[in-house]
Amino acid sequence: MMGYGDAQNLKFSVFFHLFAKHELAGLGLLLAFLLLAGPWVIRGQLGFLESMIQRTTKWLHPWMLGLGVLIVCWAGTFIVYHNFPLSLDEYCAVFQSELFAIGKVTKTLEAPWVLYNWYLTPALVTYDAAKEVWVANYLPGYALIRSLFVRLGSASLLNPLLGCLSILLVASVAQKLFPNKKNYPLLAAVILGTNTSFLLMSMSLYSWPSHLCLNLLWLYLYSRQDIWGDSCLPWVGMVAVLQHQPFGHLLFVAPFLWRVLLSGRLYYCLYLGLVYLVALIGTLYWWGAISFPGAVSEGVGLFQCVSWVTFFTQAAYFILFLGWAGPLMLILGGEALRSKFPGWRHLLGGLFVAKKKSFNESFFDDLWLGILLTVFFYFLIPFNQGHGWGYRYIYPVLGSITLLCVQGWGVLVERGFVNSLKIWAALAVAYSWIILLPIRCLQAESYIRPYAKTMEYIQSQSSDIVILKTDGVWYSWDLIRNQSPARERPLVMNGMFLSERMEGLLASRYDVKILNREELLRLGIPACKKRNDADR
């Protein structure tokens, strides 16, 4: 793994690089915490923690945690992320939202630059040669939401706000599921709020926080079991399907929709089916006609037979989840999984019988199945997540995992581990917020800073064109970004395959700034092997 993570190795992506750089230490830190905390928990003696825990649970409410997440993550957007869309997934959302904010779907490439479109087009953006326009590959849902914040001048607030709403929603769902358990809503909020992947993602410009928030809103409406919840449910589902990709919602919701289908509520099933069908038709239309012609047929080709690399990557995902989830989620989730083992046969059998289980039993069964579908789906796709803090493909079902952890807490309470659980919760929260979160923030910031600094330097140039010599500079292709409607200059051009003749022609007509490999390295971006060296 360490060799795969070598930045000099162009055959492996940034995923392996970040994994090799950070996760061995992260796993060691987790093991050290388990060893040190174990004796406290085993003895089950609260000592000085007892009064502190009792006082805290009396005045602490989920809305306070939600507000704390909003403040911390908004600050982290600037301090950790430098308000910079590091990955191309993040940049694609910015690309779309800034266009939507001025009422456009595509960006026209001006006539002088059509011949240079290959050198100017950002990744994950499609150049439509027939219309001479750029259009983002992703579905428009998240970008439409973000465009409203762009219009208000507060785009950086969106993801922290979604994180805050996710905390409040998971607490509300827990309250519906456990109406007689006073502290369970707070417990659900704490479990999600101690997951460092959740917190770092809420600082970012990724669209994943919207997937999680909408899935939790869907669960809240489903758990209401009233006319208002049932009526609004499919429309929230439609918005969720039309986020940057539909799988984060469809995989999560499939068991619940199947449960409704088996319930025999014919007219409600038709209502749900019609709204979701419209959402799927909209998805296929956007992919096939607007953003990426041929995306549907080409996308089917992504699913291939698994290889040893796939198993290797899945093992890395599992370690990522362990290292980023926080010990509170790990222990409670593990107990929920252990207690479920005897019931897996009944769970799968229950897929065909809807009326033999209580609402809560079927609800938690469907949460499990949604998680399994999500993991299995991404197991069949032969590429890794690239950039990301924690296992981001499982992010849409973090709410499901959190609610299962609350159930795991209940199982352990019934077995008489109340004192040990309280100690574990207090130590786990302190570890996650005081030790793990600052470390993860430092890791993310140290990687993001050189790219944010370089892009700031590029945008400060007064030249018409900035040519980047990307060969031998780690992930410098990601800096080819030319969209912002408010800023047309300088244009950023990939100089890897730009001939000297073309460079000379551009220099004769425009003010050109060339950023060579040495300058990019001085700005802090890591070096990697050059393409001709890598092919030898």
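L86 and R481 get closest at one heavy-atom pair: O-NH2, 2.8 Å. For the pair G163 and S202, the tightest heavy-atom approach, listed with the atom from each and the gap, is CA-OG, 3.7 Å. The nearest pair of heavy atoms linking L139 to L242 is CB-O, 3.6 Å. Smallest separation of non-hydrogen atoms from T313 and F15: CG2-CE2, 4.0 Å. Across all their heavy atoms, V150 and A155 have their closest contact at CG2-CB, 3.9 Å. The two residues P209 and S166 make their nearest non-hydrogen contact at O-OG, 4.5 Å.
Using a 4.5 Å cut-off on side-chain heavy atoms (C-beta onward), S207 and D89 make no contact. In this structure the side chain of S463 never reaches within 4.5 angstrom of the side chain of V512, judged on heavy atoms. Using a 4.5 Å cut-off on side-chain heavy atoms (C-beta onward), L250 and L280 make contact. Using a 4.5 Å heavy-atom threshold, the side chains of V473 and L479 count as separate. In this structure, L30 and L330 have side chains that are in contact, with non-hydrogen atoms separated by less than 4.5 Å. In this structure, the side chains of Y451 and D478 stay at 4.5 Å or more apart for every pair of heavy atoms. In this structure, N482 and K107 have side chains that are not in contact, with every pair of non-hydrogen atoms separated by 4.5 Å or more. Side-chain contact between L157 and L70 is present, with at least one heavy-atom pair separated by less than 4.5 Å.
Here L27 contributes atom CG and L320 contributes atom CG; the two are 10.5 Å apart, rounded to the nearest 0.5 Å. Rounded to the nearest 0.5 angstrom, C441 SG and I79 CD1 are separated by 9.0 Å. Rounding to the nearest 0.5 angstrom, the gap separating the CD atom in E519 from the CD1 atom in I514 is 9.5 Å. In this structure, T194 OG1 and L328 CG are separated by 5.0 Å, a value rounded to the nearest 0.5 Å. One finds the CG atom of L403 at 9.0 Å from the CG atom of L192 (value rounded to the nearest 0.5 Å). Separating the CD atom in Q385 from the OH atom in Y378 is a distance of 10.5 Å, to the nearest 0.5 Å.
Remark: the H387 side chain and the S87 side chain contain no N/O donor-acceptor pair separated by less than 3.5 Å. Looking only at atom types and distance, the side chain of Y395 has no donor-acceptor partner in the side chain of N215 under 3.5 Å away. Under the 3.5 Å distance criterion, with hydrogens and angles disregarded, no donor-acceptor pair is assigned to the side chains of W287 and Q245.
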Side chain to side chain contact (heavy atoms under 4.5 Å, CB included) between L212 and L162, intermediate numbers included: CA-CA 8 Å; L212 173 61; L162 290 172; over 6 Å; no
Test side chain to side chain contact (heavy atoms under 4.5 Å, CB included) applied to L29 and I435, step by step: CA-CA 9 Å; L29 190 65; I435 299 175; 4.2 Å; yes
Test side chain to side chain contact (heavy atoms under 4.5 Å, CB included) applied to L332 and V406, step by step: CA-CA 7 Å; L332 297 179; V406 175; over 6 Å; no
Verdict with supporting geometry, Y184 and W409, side chain to side chain contact (heavy atoms under 4.5 Å, CB included): CA-CA 9 Å; Y184 278 26; W409 177 282; 3.6 Å; yes
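None of Y317, F318, F321 except one satisfies the ring pair (Phe, Tyr, Trp, His ring centres under 6.0 Å) rule with Y391; the exception is Y317. Partner H211 forms a side-chain hydrogen bond (donor to acceptor under 3.5 Å, both in side chains) with one of H249, H244, R392 and no other, that one being H244.
Under a 3.5 Å cut-off, the side chain of E132 and the backbone N or O of D128 do not form any donor-acceptor pair. No donor-acceptor distance shorter than 3.5 angstrom exists from the side chain of E445 to the backbone of G76, with no hydrogens or angles considered. Formation of a donor-acceptor pair under 3.5 Å by the S432 side chain with backbone atoms of V429 is not found in this model. The backbone N or O of K469 lies less than 3.5 Å from no partner atom in the side chain of N516, so there is not a single donor-acceptor pair. Looking only at distances, a side-chain donor or acceptor of Q96 sits under 3.5 Å from a matching main-chain atom of Y138. The closest donor-acceptor contact from the side chain of Y142 to the backbone of Y206 lies under 3.5 Å. Between the side chain of T77 and the main chain of N83, no donor-acceptor pair closer than 3.5 Å is present. Between the R146 side chain and the S97 main chain, no donor and acceptor come within less than 3.5 Å of each other.
By the ring pair (Phe, Tyr, Trp, His ring centres under 6.0 Å) test, Y510 pairs with W113, sequence neighbours left out.
Atom CD of Q175 is surrounded by 12 or fewer heavy atoms from other residues, nucleotides or ligands within 6.0 Å. Applying the 6.0 Å contact sphere to CD of E518 captures more than 12 heavy atoms from other residues, nucleotides or ligands.
Taking the six-membered ring for Trp and the full ring otherwise, F33 and W424 have centroids separated by under 6.0 Å. In this structure, H22 has its ring center at least 6.0 angstrom away from the ring center of Y447.
Using the six-membered ring where Trp is involved, Y116 and Y119 have ring planes that are tilted, between 30° and 60° apart.
With a 6.0 Å cutoff to the six-membered ring centre and a 45° limit on the axis angle, R440 does not count as a cation-pi contact of W389.
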